[in-house]
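In what follows, every heavy atom counts, from backbone to side chain, and hydrogens, waters and symmetry copies are set aside. Sequence lines set the chain letters: A, B, ... in the order given, protein chains first and strands last, and positions in each chain run from 1.
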Amino acid sequence: MGVTGYGLAIREGFEYLLANHREVFTIGQGLWSPWYVGNSMTDLDHRFGRERVIDTPVSELATTGAALGAALCGYRPVVIHPRVDFMLLAVDQIVTQAAKWRHMFGGSVRVPLTVRGIINRGGEQGAQHSQSLHSWFAHVPGLRVVMPATPADARDLLIASVLCDDPVLYIDDRWLYGVESELSPPVEMDLRRESPRRVREGRDITLAGAGYSAWLCVEAARVLAEDGISCDVIDIRVLNPLDARPIVDSVRRTGRLLAVDGDWLTCGFAGEIVARAAEAMAPSAWRASPRRLTLPDAPAPTSGPLEKLYYPTVNDVVAAARQVVGARADTWE
Amino acid sequence: MGVTGYGLAIREGFEYLLANHREVFTIGQGLWSPWYVGNSMTDLDHRFGRERVIDTPVSELATTGAALGAALCGYRPVVIHPRVDFMLLAVDQIVTQAAKWRHMFGGSVRVPLTVRGIINRGGEQGAQHSQSLHSWFAHVPGLRVVMPATPADARDLLIASVLCDDPVLYIDDRWLYGVESELSPPVEMDLRRESPRRVREGRDITLAGAGYSAWLCVEAARVLAEDGISCDVIDIRVLNPLDARPIVDSVRRTGRLLAVDGDWLTCGFAGEIVARAAEAMAPSAWRASPRRLTLPDAPAPTSGPLEKLYYPTVNDVVAAARQVVGARADTWE
Amino acid sequence: MGAPSDLKTSVTPRRELGDLAGADQRHEPLVLPDGDRAWLIEALRRMVLIRAVEERIGDEVAAGKVRCPCHLAIGQEAVPVGVARSLRPTDRVFGAHRSHAHYLAGGGSVRKLMAEILGKDTGASRGMGGSMHLTDPEHGLLGTVPIVGATIPIAVGAGLAAKLDGRGDIAVSYFGDGATEEGVFHESLNLAATMRLPVLFVCENNLFSSHLHISLRQPSDSVARYADAHRVPAALVDGNDVVAVARVAAQAIETMRAGGGPAFIEAVTYRWRGHVGPREDEDVGVRRKDDLNLWKGRDPVRRLFEALRSEGAVGSDALRAFEEEARAEAAAAWAQAELDPFPPPEALLDRVYGGRR
Amino acid sequence: MGAPSDLKTSVTPRRELGDLAGADQRHEPLVLPDGDRAWLIEALRRMVLIRAVEERIGDEVAAGKVRCPCHLAIGQEAVPVGVARSLRPTDRVFGAHRSHAHYLAGGGSVRKLMAEILGKDTGASRGMGGSMHLTDPEHGLLGTVPIVGATIPIAVGAGLAAKLDGRGDIAVSYFGDGATEEGVFHESLNLAATMRLPVLFVCENNLFSSHLHISLRQPSDSVARYADAHRVPAALVDGNDVVAVARVAAQAIETMRAGGGPAFIEAVTYRWRGHVGPREDEDVGVRRKDDLNLWKGRDPVRRLFEALRSEGAVGSDALRAFEEEARAEAAAAWAQAELDPFPPPEALLDRVYGGRR
Ligand SMILES: Cc1ncc(C[n+]2csc(CCOP(=O)(O)OP(=O)(O)O)c2C)c(N)n1
Ligand SMILES: Cc1ncc(C[n+]2csc(CCOP(=O)(O)OP(=O)(O)O)c2C)c(N)n1
Ligand SMILES: [Mg+2]
Ligand SMILES: [Mg+2]
């Protein structure tokens with residue numbers, strides 16, 4: 001069993017689904033192109049036919065609505081948006097339709113729709129080709145939101161999302177496509193049972209993040225271990241509905257929290273992590289004030305030097321964690 | 001000087017702007033109807049002409065984009081969306097265009113666009129006619145977000161928004177239209193100088209909220225005063241960019257925080273208030289863990305009894321505040 | 001086209017519907033086809049039922065017994081009744097905010113409609129949606145929602161599902177003239193045309209979107225031109241003529257079941273009540289009040305009835321019987337619905353996701 | 001229309017552009033109008049400059065000197081040069097992701113373009129936007145952005161502003177055939193038509209949206225049919241014929257300045273490079289490679305040059321001079337831009353809002 005990259009692991013997930021579940025099909029822009037969505041869907045159209053791997057006009061809203069309609073008729077469509085920025089044209093169908101149809105119509109309507117939004121940022125693409133906005137969608141009741149951080153989750157959370165009877169927003173990040181690991185055979189998980197996972201054990205501080213931010217936390221924890229700071233790392237995995245217990249349990253143990261997020265600060269997901277911990281814990285249980293590391297509250301720039309400043313790095317996580325650990329709870333002001 | 005209601009105060013703001021600033025015009029659905037946006041714009045079309053008070057086809061996205069285009073050409077348009085739910089069709093123009101054009105084009109482009117989104121919920125209208133989502137828009141750098149809670153702010157923050165050279169989302173709430181107060185003559189405030197305001201002084205707990213939630217906090221504070229709980233109340237007013245100092249200063253004084261918000265819990269604005277305070281304060285400065293009171297994480301129901309459960313009331317704020325004040329910092333678990 | 005052209009500067013006539021939009025036109029009895037009397041009588045009965053139920057709902061709204069917004073389709077009954085004639089339960093139907101008639105024409109339960117409007121657990125949507133969110137899966141109605149245009153692409157997806165199923169089922173999308181101003185309407189037509197999906201687009205052009213007449217919102221009063229642009233075969237029909245609607249719908253649906261692509265019907269009609277609620281004078285649009293009285297002369301129910309009566313197929317007594325039956329059914333359904341229970345408090349959170357979380 | 005119709009079931013020809021879309025058509029020199037040689041020579045010079053600049057950018061991308069995505073319009077130069085002829089600086093122009101040519105045709109500085117692509121503080125957007133976000137207010141270009149279709153309604157708003165200003169200015173919206181699939185395109189045409197705004201919609205139909213030929217995305221290869229539906233006067237023109245483009249644009253713009261409503265130009269053309277980047281073979285669409293070589297025979301630059309040469313207005317030496325000039329300007333601009341400073345770190349936060357906060 002060799003190693004597989006995150007991008008190809010997604011493709012394995014699609015292959016598994018298309019091969020084993022007749023009611024699955026995929027629709028979205030770029031599916032008949034070899035490069036449009038990286039290496040995550042290459043040649044699926046030739047392997048499974050263009051009736052089940054459907055490329056579309058430049059019509060995000062109708063394409064998403066059509067996927068929802070097919071889901072209401074018993075199919076398990078995956079609608080692909082090659083960039084979250086483009087997916088915003090489909091907000092009405094995702095947020096005001098898909099997320100609400102079950103509740104609005106009495107609770108028994110099945111909506112097995114998966115929306116796949118790809119974070120495709122950096123490379124000096126600029127403000128309109130860099131948004132993540134998972135904080136927005138995690139805010140919406142009725143919409144499950146997952147962000148895999150590892151090749152295994154990239155494949156198996158995709159499978160779990162598509163087999164779930166609720167609408168799921170599956171967000172993958174092109175910056176993780178190169179991350180490799182060994183993969184055991186695919187498993188069909190029940191998404192309702194999946195939650196944030198403790199991926200590293202430590203005593204001094206809790207680092208928590210989703211998707212690429214979880215990867216940053218893991219890498220930073222390695223560095224921090226070298227100078228004797230032991231980190232508990234939580235990979236969020238499932239952002240909505242959010243099971244905060246693993247996070248809170250971790251912070252209870254460490255007394256310190258650094259929430260890392262690749263979205264903006266204000267009303268962002270990092271704030272939700274901090275708020276859940278602050279509400280659940282006794283003030284006396286904190287050894288230092290919690291802290292957030294996120295994008296600055298600015299649109300993404302293109303200019304290289306500004307782009308470097310814009311995105312949090314492993315070093316930024318390390319530096320922020322050191323600060324939190326260095327602070328004394330009683331004197332912090 | 002008589003009393004004026006919130007709805008009519010908005011109308012006064014429009015009258016002032018249209019009468020005193022030639023570059024102001026309004027565009028949106030319902031502007032030629034006497035009832036579509038409550039009493040907040042009645043007859044403005046007859047008074048100022050249908051070239052400056054423009055009713056439109058059912059095309060939220062293009063209408064919003066057109067207002068942006070006119071703003072780029074020196075006008076100060078106000079585009080009106082009679083429900084936030086409808087405004088979601090225009091997310092691309094608000095979030096990916098208007099909020100980013102200044103930054104994206106070098107920082108000197110003026111974008112004096114005001115988007116007015118009306119919260120029009122309750123009345124058993126259900127999941128698609130009840131959303132607020134101010135938490136979403138407060139998350140977007142480049143977009144100023146204001147929510148007036150009083151007739152004076154309803155009028156004067158509207159004027160400040162329209163006279164601001166940045167895009168502003170002005171959100172008013174139909175549930176406040178009946179709230180009355182005495183109004184002094186209109187003033188032209190500089191929106192960049194406006195921030196959350198302490199509207200009541202107290203020692204025991206900080207209540208913070210925006211728009212209708214600020215009103216709930218004020219009413220609850222009155223009730224709580226009767227049984228000896230003295231509340232510091234912060235009316236947020238300007239949600240983005242958020243000046244957290246007034247909130248943090250207040251919580252430093254009281255040691256307790258209840259964030260009230262008429263949006264959902266997860267990744268909502270109440271979480272941002274809690275996170276800002278938690279980050280800024282020493283754990284030892286808390287007398288109790290902070291707490292949030294928001295909508296439950298569910299779409300809005302129609303059925304009367306469920307609708308009653310769904311929206312926070314003055315009594316809910318009172319009850320939650322009592323709990324927070326009753327809790328002892330060291331034993332809270 | 002083909003050859004390069006100079007700029008066409010011809011100014012367009014803003015009224016292209018001609019007599020189809022005329023309030024004083026087409027007041028005479030319908031012209032009936034040969035045979036088929038049984039269905040015509042059933043159609044009459046069904047339209048009478050829809051009207052009686054909507055009138056009852058209007059009365060209850062006026063009496064303050066209803067809180068959720070109700071958009072009545074009184075005057076527009078012929079469109080869904082004509083279309084429903086060629087539908088089968090495995091077809092998928094979608095509506096919008098003004099869909100009581102779509103629901104009832106498809107066979108929806110009056111009791112469940114009343115209960116839904118009252119927010120009861122026995123309602124069509126178990127009290128979670130009210131008048132603007134109806135569902136009736138048994139009869140193929142998968143959903144009606146008040147976001148204008150929102151169900152149009154969803155119906156296209158149902159058409160895609162039907163095509164993948166390969167059983168000759170179709171999807172039907174009901175929407176109004178205002179919905180054609182939403183971009184998603186155009187995206188949906190292009191998608192259906194490009195993929196050749198079995199979707200019947202039915203536009204109930206009642207000339208108004210809320211308070212605005214179509215002449216204030218579009219450069220022409222006929223919307224079938226959009227279907228032409230998207231290369232979707234279109235028919236323009238008198239929406240107050242159930243026979244004509246049934247004929248074009250049957251034609252379109254037959255082609256679709258045989259594997260044809262989408263089709264479009266523009267049915268010109270008029271609503272007798274305000275945009276929302278029971279009052280007739282609610283609106284403020286162009287010449288609305290004067291027109292209304294004339295349009296009542298174009299009553300789809302009376303025109304069918306008079307045609308049937310003139311040939312002795314149905315008498316005034318029979319019509320009266322239908323009306324009494326219908327009012328009685330509405331009354332009984334209302335009475336029962338009033339006694340029904342509301343959803344339990346847990347419904348608020350338990351109905352958000354499938355299974356617990 | 002007017003009379004009720006039965007369903008039109010005629011199947012549509014999917015190719016309606018005829019020879020306008022033919023790669024092997026229209027290779028001959030342009031037919032020149034009388035007079036006006038000065039502008040034609042200037043147009044030739046401008047097209048040569050645009051091509052040289054884009055070729056230079058392509059080379060730098062290939063050499064790894066550029067990081068931001070660059071969408072080259074090589075082969076499409078005639079459209080903006082033809083349109084720009086009738087524009088004035090107070091008009092408002094908007095583009096999209098493939099807008100270097102729109103920027104340069106309007107008179108944009110080569111130096112600022114190169115600097116922008118390199119992310120320098122001296123760039124057209126002060127280094128904040130790169131190739132896909134260009135602005136040149138002096139010449140009326142208010143913005144180009146990569147969200148497909150996004151600037152179409154913005155241009156409509158600029159048209160509204162122009163109408164309110166009452167000075168006879170107009171707005172121009174450049175977009176591609178793919179953008180006509182976005183609903184906002186239709187909403188925008190309806191808004192402009194209903195309000196009779198002076199907006200010139202220019203669709204550069206290069207038959208492709210990224211990797212997909214239009215026949216895989218729409219039921220017809222010509223998009224002017226949408227303008228017809230929205231009652232916007234439309235002209236279909238050979239986008240590789242700068243004379244023809246200039247003629248229809250002049251006609252349309254004259255009418256608009258005189259108070260006419262919107263107009264639409266469908267200019268059929270073809271891009272020589274991949275969807276993004278300098279390579280020719282980037283794409284995987286329908287018959288792209290074979291077509292490309294034929295389309296190069298329809299080169300808008302060569303066709304104008306040969307027409308001018310055949311009548312002795314311009315010689316090969318002059319053309320060569322233009323080309324060397326252009327390459328030299330591109331090279332000088334690039335060299336300067338490379339030396340320019342990047343924006344300071346504070347730019348990241350200071351440019352978000354007007355004034356400090
Ligand atoms: C996206 C959206 N925008 C605006 C509205 C407000 N609205 C509700 S019904 C309606 C009119 C729709 O007119 P039409 O589609 O012709 O249907 P009709 O009411 O005539 O049956 C409007 C504008 C809405 N519900 N959704
Ligand atoms: C809303 C949105 N959806 C998808 C994309 C991805 N995309 C970038 S350019 C493009 C093709 C546009 O084709 P066309 O409008 O014909 O312009 P051309 O590239 O041919 O000049 C697409 C689909 C995008 N940028 N924005
Ligand atoms: Mg209508
Ligand atoms: Mg193209």
Q | Residue part contacting chain C, namely of A/Ile54, when any heavy atom lies under 4.5 Å | A | side chain

Q: Could you label the plane-to-plane angle of the A/Phe105 and C/His133 rings as parallel, tilted or perpendicular, counting under 30° as parallel and over 60° as perpendicular?
A: perpendicular

Q.
Is C/Val352 close to chain A through its backbone or its side chain, or both, or neither, when contacts mean heavy atoms under 4.5 Å?
A. both

Q. Does the side chain of A/Gln93 come within less than 4.5 Å of C/Ile154's, by heavy atoms?
A. yes

Q) When heavy-atom pairs shorter than 4.5 Å are enumerated against chain A, which of C/Val156, C/Thr135, C/Thr194, C/Asp121 gives the highest number? A) C/Thr135

Q. Given a strict heavy-atom distance threshold of 4.5 Å, which part of C/Ala162 is in contact with chain A: side chain, backbone, both, or neither?
A. neither

**Q.** Point-to-point distance, once rounded to the nearest 0.5 Å, from CG of A/Asn240 to OH of C/Tyr353
**A.** 4.0 Å

(Q) Could you measure the distance from the SG atom of A/Cys73 to the CG atom of C/Asp165? Nearest 0.5 Å is fine. (A) 7.5 Å

Q: Identify which part of C/Ala150 has an atom lying under 4.5 Å from any heavy atom of chain A, answering side chain, backbone, both or neither.
A: both

Q. Going from CG on C/Leu160 to CZ on A/Phe25, what distance comes out if it is rounded to the nearest 0.5 angstrom?
A. 4.5 Å

**Q.** Which atom of C/Leu191 lies closest to which atom of A/Pro57, heavy atoms considered
**A.** CD1-CD, 3.5 Å

Q: With a 4.5 angstrom heavy-atom cut-off, could you sort out which part of A/Asp165 is near chain C: side chain, backbone, both or neither?
A: neither

